[in-house]
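Each chain gets a letter, A, B and so on, in the order the sequences are listed, and its residues count up from 1.
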There are 2 protein chains.
Amino acid sequence: MSSISKETLQRLPAYLRHLKELQKQGVENVASKAIAKVFNYTSVQVRKDFASISEEAGKPKTGFSVNRLVKDIAEFLGYNNINEAVLVGVGNLGHALLSYSGFKDYGLDIVGAFDINPNIKLVHGHKIYNLSKLESFIKRFNILIGIIAVPKDSAQDICDLMIGAGIKAIWNFSPCNLVIPENIAIINEDMASSLALLSQRLSKILKKEKNQ
Amino acid sequence: MSSISKETLQRLPAYLRHLKELQKQGVENVASKAIAKVFNYTSVQVRKDFASISEEAGKPKTGFSVNRLVKDIAEFLGYNNINEAVLVGVGNLGHALLSYSGFKDYGLDIVGAFDINPNIKLVHGHKIYNLSKLESFIKRFNILIGIIAVPKDSAQDICDLMIGAGIKAIWNFSPCNLVIPENIAIINEDMASSLALLSQRLSKILKKEKNQ
DNA sequence: TAGATTGTTAATCGATTAACAATC
DNA sequence: TAGATTGTTAATCGATTAACAATC
């Protein structure tokens, strides 16, 4: 158990989104083949993915229960028990993150937002605290997740501060490579990396079109 | 050639960032082992990655030329010939994307920003056009990349509009699964997917700490 | 020369896909 | 029953790592 593959894990949120859509439309059962078609996967992959997170098997001829899948995926992804997080950096990106209402659906609650600029007071219902309060806040509420949305030159400092205060997982939106100790989790939301992939795929498509 | 692995491609921007840092510090040569240490990779992986994008080999004992690597990676990633893009949706996220000055370094130039709301006029030096102008704009300037930063309910419509006008690559920031034809490239900047990975890693760390 | 570092070939690991028997 | 759909085992594919000879 728990040894679900990284790839499967990353596909789950998309499945869930689609299944919820089906649920809304009143669809009760769905075949792996139908889902595969939407995402351009093979039906075997979809079945394997489902098998790795759900106890209930699909039924030959009828497929999988949409309700059951929605329940199981949400449960597996931990959307039912909310994780609390702090966010540091309330510039343009920080504003966007604070205004995004979807995080709670994903089991994430930004309970504290911080900035060095004390002029900012309130953003989308979130009170903005002075950065000097960050450490005590993390400790007092035992926060484990830290979101970094500061300019890249201060990102490492904020990172160190967070980890020093007890943060165990960092979601980094700054375009920089943070240095962290071994027992800390990190995800870099790296625009450059995504863009590299998109550019490559675009090139391939243009090349293909040319050769036709 | 050109068959560089997806994984390698996604590591390149981080290498580049680090190498530029070294360059700034005046470092002339660097060993694969030193770079591996920074990213927690193996040195073989670093060498393989470099080999797949650079003509110039590393030298035993001295390592790789930092200047040469910076040049080659930037060249490979296409940072020297700028791609033009349009962005649709100038809400909080759109604001953040427009204010991000780093895109040009990554070879991306947002030459047009659009919104249905005609009240918005100018954001960080970008004039905001009415959505009705999108199609003709894409056609006139032969834009190939479209960035979607609208609420999820209108994302598919915008996507269809873009593709209809000639867009070949979509960078989707809306939390939804877009349906696209085969010959179109897409990258979903899926927060839920990243968060799933971060949560899993956090869980693993907490479990490990508990068992000690 | 000796030792650090390289590039490449072969082995391993992990994820996807093909094949097929089981079943509603 | 026949056919659609399932789960599982084995084969394939792709990426990483180990082993090692080459070289500055």
Side-chain angles (χ1 to χ4, degrees), chain A residues 1-15 18-19 22 27-69 72-73 76 193 196-197 200-201 204, chain B residues 1-15 18-19 22 27-69 72-73 76 193 196-197 200-201 204:
Chain A
M1 238 316 277
S2 170
S3 60
I4 189 178
S5 90
K6 185 191 161 192
E7 303 297 320
T8 296
L9 184 64
Q10 299 219 257
R11 283 190 290 269
L12 290 176
Y15 287 138
H18 179 62
L19 288 163
L22 293 178
V27 178
E28 285 187 14
N29 294 286
V30 67
S32 58
K33 207 177 163 185
I35 292 179
K37 204 182 169 189
V38 174
F39 293 102
N40 262 311
Y41 301 152
T42 66
S43 64
V44 188
Q45 179 159 77
V46 173
R47 289 200 295 279
K48 278 228 159 159
D49 286 344
F50 288 173
S52 67
I53 51 95
S54 180
E55 292 295 304
E56 190 169 282
K59 276 185 202 142
K61 187 89 173 152
T62 31
F64 294 82
S65 153
V66 173
N67 285 333
R68 182 60 194 257
L69 281 176
D72 285 347
I73 296 177
F76 185 90
S193 184
L197 211 51
Q200 191 204 38
R201 291 186 188 164
K204 274 185 192 166
Chain B
M1 237 315 276
S2 170
S3 60
I4 188 177
S5 89
K6 184 191 160 189
E7 303 297 320
T8 296
L9 184 65
Q10 298 218 257
R11 283 189 291 267
L12 290 176
Y15 287 138
H18 179 61
L19 289 163
L22 292 177
V27 178
E28 285 188 15
N29 293 286
V30 65
S32 57
K33 207 177 165 186
I35 291 179
K37 204 182 171 187
V38 174
F39 295 102
N40 262 311
Y41 301 154
T42 66
S43 65
V44 188
Q45 180 158 77
V46 173
R47 288 199 296 279
K48 277 228 159 158
D49 286 344
F50 289 173
S52 66
I53 52 98
S54 181
E55 292 295 303
E56 190 170 283
K59 277 185 199 140
K61 188 90 169 151
T62 31
F64 296 81
S65 153
V66 173
N67 285 333
R68 181 63 194 256
L69 280 176
D72 286 347
I73 296 177
F76 185 90
S193 185
L197 211 51
Q200 192 205 36
R201 291 186 186 165
K204 274 186 188 164

Write out the stems for DNA chain C, ordered by first number and formatted as range with range, counting runs of at least 3 consecutive Watson-Crick or G-U wobble pairs under 3.5 Å. C:3-24 with D:3-24

Across the strands shown, which category fits A/Ala57 at heavy-atom distances under 4.0 angstrom: base, sugar-phosphate, nothing? sugar-phosphate

Please tabulate, for side-chain N and O atoms in residues 32-46 of chain A, each donor-acceptor pair with protein atoms closer than 3.5 Å (sequence neighbours left out).
unit_1: A/Ser32; atom_1: OG; unit_2: A/Arg47; atom_2: NH1; d: 3.0
unit_1: A/Thr42; atom_1: OG1; unit_2: A/Gln45; atom_2: N; d: 3.2
unit_1: A/Ser43; atom_1: OG; unit_2: A/Arg47; atom_2: NH1; d: 3.3

What are the residues of residues 31-44 of chain A, sorted by number, that bring a heavy atom to within less than 4.0 Å of DNA chain D? A/Ala31, A/Ser32, A/Val44

Could you work out, with salt bridge (Lys or Arg N to Asp or Glu O under 4.0 Å) as the rule, every residue matching B/Arg11, not counting sequence neighbours? B/Asp49

Could you tell me how far apart A/Leu69 (CG) and D/dT5 (C1') are, to the nearest whole angstrom? 14 Å

Name the closest nucleotide to the B/Phe64 side chain, picking from D/dA4, C/dT9, C/dT6. C/dT6

Write down the distance between CG (A/Asp49) and C1' (D/dT8), rounded to a whole number of angstrom. 15 Å

Check every atom of D/dA4, D/dA15, C/dT16 against the side chain of B/Ser5 and return the nucleotide holding the closest atom. D/dA15

Would you say A/Arg11 places a side-chain N or O within less than 4.0 Å of OP1 or OP2 belonging to C/dT16? yes

What nucleic acid atoms does B/Lys6 come within less than 4.0 Å of, heavy atoms only: base, sugar-phosphate, or nothing? sugar-phosphate

Nearest-Å distance, NZ (B/Lys61) to C1' (C/dA4)? 5 Å

A/Lys61 meets the side-chain contact (heavy atoms from CB on, under 4.5 Å) criterion, sequence neighbours left out, with none

Please round to the nearest 0.5 Å and tell me the distance separating atom CG of B/Leu9 and atom OG of A/Ser193. 7.0 Å

What integer distance in Å separates B/Asn29:CG from C/dA4:C1'? 14 Å

Within a strict 4.5 Å, meaning less than it, do heavy atoms of the B/Tyr15 and B/Ile73 side chains meet? yes

Write down the distance between CZ (B/Arg47) and P (D/dT17), rounded to a whole number of angstrom. 12 Å

Test item: A/Leu197 and B/Lys6 side chains (from C-beta on) under 4.5 Å apart, heavy atoms: yes

Could you state the CD-P distance from A/Glu7 to C/dC13, rounded to the nearest angstrom? 19 Å

side-chain contact (heavy atoms from CB on, under 4.5 Å) partners for A/Glu28, two or more places apart: none

For B/Gln45 and C/dT5, what is the distance between atoms CD and P respectively, to the nearest whole Å? 19 Å

With the side chain defined as heavy atoms from C-beta on, B/Lys48 is closest, among C/dT9, D/dT8, C/dT5, to C/dT9

Is the closest side-chain heavy-atom distance between A/Phe64 and A/Leu19 below 4.5 Å? no

Whole angstrom is fine here: how far is it from CD in B/Glu55 over to C1' in C/dT6? 17 Å

Is any side-chain heavy atom of A/Gln200 closer than 4.5 Å to one of B/Gln10? no

